[in-house]
Enquirer: 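Below is a structure I'd like to ask you about.
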Amino acid sequence: MMNLRQMEVFYAIMVTGSVTGAAQLLNVTQPAISTVLKHCESRLKMKLFHRVGGRLQPTNEAQAIFPDVAEIFGRIEAVGRLTQDLVGGRLGTLPVAAAFPIANGYLAKAVATFVAKRPQVRCTLQSLTSPQVLDRVINREVELGIAHEPIISSAVDTEVLMSWSIACVMPDNHPLAERDEINIKDLAFYPIITYLPQIVFRPYVDRALSEAGIAPNIVVQVSVSLTGIMLARFGAGVALVDPLLVSTMGIPGLVVRNLNPRIEAKTLLIRPKAAPQSVVVNDFIDHLKQTIREEHL
């Protein structure tokens with residue numbers, strides 16, 4: 001079995017990708033890291049790394065055990081944050097990770113208004129991709145994650161926070177801006193901005209366009225909604241993206257028009273399965289839901 005020090009060195013090498021990086025992370029010498037790694041491999045009777053081109057390459061065995069080791073250190077870091085809060089006299093923590101458009105939109109407003117009334121609460125808000133949000137929750141690095149569907153993991157519990165629709169974002173002087181709703185077929189005549197193929201919402205868009213029987217003129221593909229929104233503002237085309245940032249950030253010169261038929265999606269609350277639920281986080285979830293109702297009624 002690996003002892004805690006060996007796990008720490010193994011984790012540091014996996015995170016940094018080198019003995020040098022691990023030594024810097026742990027504030028020890030490189031020979032010390034190499035010695036611990038050598039003893040660890042001897043104790044386990046298997047290799048954890050191969051040296052390829054001057055760098056350490058994890059073996060299949062190392063890749064297999066890393067998620068469990070990472071979970072251990074995620075929990076250790078969580079304990080460290082808790083003790084720091086207790087020593088500092090802070091009575092509550094709100095560790096949240098969220099997908100980028102969520103973290104920079106209505107969630108930012110909810111956090112700001114929540115902590116303004118609760119000066120004893122200290123919040124961390126990480127803006128990440130949806131898979132990274134799930135990873136943070138699984139490793140207990142945050143107590144609450146908020147991300148777009150699909151989220152598939154037996155290690156977490158999910159709850160639908162809100163349903164929303166991908167919509168048309170365009171300059172307020174665009175020919176389609178005069179309409180209250182845009183039929184998808186009408187987009188055949190205009191340049192389109194939408195997500196990259198690897199982004200989770202792109203299949204939603206492609207399916208809707210295909211079912212409408214049109215071959216869209218996609219002029220720009222983006223990884224995040226805000227980029228598409230700003231491209232639309234500067235006249236690159238009609239953006240088919242999550243439109244919520246337009247109203248939350250108060251971006252001028254743009255309008256949002258719903259599509260017919262709708263391209264619907266869901267945003268999920270993600271929490272570690274069977275984890276204790278803090279009063280602070282439960283109160284914040286109620287506050288977040290109220291903020292969303294006020295923003296989008």
Side-chain angles (χ1 to χ4, degrees), residues 81 85 90-134 136-137 141-151 156-169 200-201 204 224-230 232-233 239 241-259 262-272 275-297:
R81 290 192 296 268
D85 285 344
R90 297 185 289 267
L91 302 181
T93 59
L94 180 62
V96 184
F100 175 85
I102 301 169
N104 293 279
Y106 57 82
L107 178 59
K109 180 177 181 179
V111 169
T113 52
F114 186 80
V115 299
K117 296 181 179 179
R118 298 166 178 80
Q120 78 278 14
V121 172
R122 294 297 178 266
C123 177
T124 59
L125 176 54
Q126 301 181 47
S127 180
L128 307 164
T129 65
S130 289
Q132 288 172 328
V133 171
L134 177 60
R136 296 295 193 276
V137 176
E141 296 177 39
V142 298
E143 189 173 341
L144 177 65
I146 306 171
H148 299 306
E149 64 173 356
I151 296 294
V156 300
D157 291 320
T158 62
E159 174 190 346
V160 175
L161 174 64
M162 65 180 298
S163 297
W164 53 276
S165 298
I166 292 172
C168 295
V169 179
V200 65
F201 295 124
Y204 293 43
V224 294
S225 301
L226 182 58
T227 307
I229 289 169
M230 296 310 295
R233 182 174 183 269
V241 293
D242 173 358
L244 297 179
L245 283 175
V246 175
S247 58
T248 305
M249 297 181 71
I251 302 174
L254 290 174
V255 296
V256 174
R257 296 292 181 260
N258 289 324
L259 285 164
R262 298 286 182 98
I263 304 177
E264 296 184 340
K266 292 182 174 63
T267 299
L268 306 178
L269 294 172
I270 313 166
R271 305 188 74 170
Q277 297 188 357
S278 72
V279 173
V280 170
V281 173
N282 285 337
D283 287 348
F284 175 71
I285 290 174
D286 291 339
H287 179 76
L288 174 61
K289 291 177 179 178
Q290 179 61 35
T291 301
I292 292 171
R293 284 194 293 268
E294 293 171 355
E295 282 280 306
H296 303 293
L297 280 178

Enquirer: Any side-chain to backbone donor/acceptor pair from Arg233 onto Val169? Under 3.5 Å, distance only.
Expert: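 Answer holds: no.
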Enquirer: Angle class for the Phe114/His287 ring planes (parallel below 30°, perpendicular above 60°, tilted otherwise)?
Expert: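 Geometry flag for His287 against Phe114: tilted rings.
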Enquirer: Determine whether His148 and Ile102 make a side-chain contact, defined as any pair of heavy atoms from C-beta on separated by less than 4.5 Å.
Expert: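 Counting from C-beta outward, His148 and Ile102 do come under 4.5 Å.
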Enquirer: Taking all heavy atoms of Ala239 and all of Ile229, pick out the closest pair and write down the distance.
Expert: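 The answer is CB-N, 4.5 Å.
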Enquirer: Would you please test Thr113 and Gln290 for side chain to side chain contact (heavy atoms under 4.5 Å, CB included) and show each step?
Expert: CA-CA 11 Å; Thr113 52; Gln290 179 61 35; over 6 Å; no
Enquirer: How far does OG1 of Thr158 sit from CD1 of Ile146, to the nearest 0.5 angstrom?
Expert: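 Nearest 0.5 Å value for the OG1-CD1 distance: 13.0 Å.
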Enquirer: Can you measure from CZ (Arg293) to CE (Met162) and round to the nearest 0.5 angstrom?
Expert: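 Here the interatomic distance stands at 11.5 Å.
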Enquirer: Just so I know, are the side chains of Ser165 and Leu259 near enough to count as touching, which here means a heavy-atom distance under 4.5 Å?
Expert: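 The answer is no; the side chains never approach within 4.5 Å.
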Enquirer: Using a 4.5 Å cut-off on heavy atoms from C-beta on, say whether the side chain of Val142 contacts that of Val137.
Expert: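 Answer yes - side chains close enough.
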Enquirer: Please report the closest heavy-atom contact between Pro101 and Asp242, naming both atoms and the distance.
Expert: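 Scanning both residues completely, I find the closest heavy atoms to be CB-OD2, 4.2 Å.
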Enquirer: Specify the closest pair of heavy atoms between Val111 and Cys123, including all atoms of both residues, with the distance to one decimal.
Expert: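 Taking every non-hydrogen atom into account, CG1-SG, 3.7 Å.
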Enquirer: List the atom of Val133, the atom of Ala97, and the distance in Å for their closest heavy-atom pair.
Expert: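 It is CG1-O, 3.5 Å.
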Enquirer: Would you give the length of the straight line joining atom CD of Gln132 to atom CD of Gln126, rounded to the nearest 0.5 angstrom?
Expert: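 Spacing of CD (Gln132) from CD (Gln126) equals 9.0 Å.
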Enquirer: Can you tell me how far CZ of Arg262 sits from CD1 of Ile166, rounded to the nearest 0.5 angstrom?
Expert: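 Rounded to the nearest 0.5 Å, the CD1-CZ separation comes to 12.5 Å.
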Enquirer: Does a side-chain heavy-atom distance below 4.5 Å link Tyr106 with Leu244?
Expert: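 In short, these two side chains touch, coming nearer than 4.5 Å.
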Enquirer: About how many Å separate CG of Asp157 and CD1 of Ile151, when rounded to the nearest 0.5 Å?
Expert: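 If we round to the nearest 0.5 Å, Ile151:CD1 and Asp157:CG are 13.0 Å apart.
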Enquirer: Tell me, do Leu268 and Leu161 make a side-chain contact under 4.5 Å, heavy atoms counted?
Expert: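 No, side chains not in contact.
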Enquirer: Please name the residue in the list Leu128, Leu144, Ile270 that meets the side chain to side chain contact (heavy atoms under 4.5 Å, CB included) test with Arg136.
Expert: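 Only match with Arg136 under side chain to side chain contact (heavy atoms under 4.5 Å, CB included): Leu128.
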Enquirer: Does the side chain of Leu107 reach to within under 4.5 Å of the side chain of Leu288, using non-hydrogen atoms?
Expert: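 In short, these two side chains touch, coming nearer than 4.5 Å.
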Enquirer: Of the non-hydrogen atoms in Thr124 and Pro95, which two are nearest, and what is the gap between them?
Expert: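 Answer, listing the atom of Thr124 first, then Pro95: OG1-CA, 3.3 Å.
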Enquirer: Nearest 0.5 Å, please: how far is CD1 in Ile251 from CE in Met230?
Expert: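 CD1 of Ile251 is found 5.5 Å from CE of Met230.
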Enquirer: Are the aromatic ring centres of Tyr204 and Trp164 under 6.0 angstrom apart?
Expert: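 No, the ring of Tyr204 stays outside the 6.0 Å limit from the ring of Trp164, centre to centre.
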Enquirer: Minimum heavy-atom separation for Asn104 and Ser127, please, with both atom names.
Expert: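 Closest approach of Asn104 to Ser127: ND2-OG, 3.4 Å.
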Enquirer: Report yes if the side chains of Val281 and Leu94 come closer than 4.5 Å at any heavy-atom pair, otherwise no.
Expert: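 Of all side-chain heavy-atom pairs linking Leu94 with Val281, at least one is under 4.5 Å.
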Enquirer: For a 4.5 angstrom cut-off between non-hydrogen side-chain atoms, does Lys289 reach Leu269?
Expert: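 Yes, at least one pair of side-chain atoms sits under 4.5 Å.
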Enquirer: Do Lys109 and Glu294 meet the salt-bridge criterion of a basic N to acidic O distance under 4.0 Å?
Expert: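 So Glu294 does not pair with Lys109 through a salt bridge.
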Enquirer: Any sub-3.5 Å donor-acceptor pair from Glu143's side-chain atoms to Ser278's backbone N or O?
Expert: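 Yes, the answer is positive, given that a donor and an acceptor are paired below the 3.5 Å cut-off.
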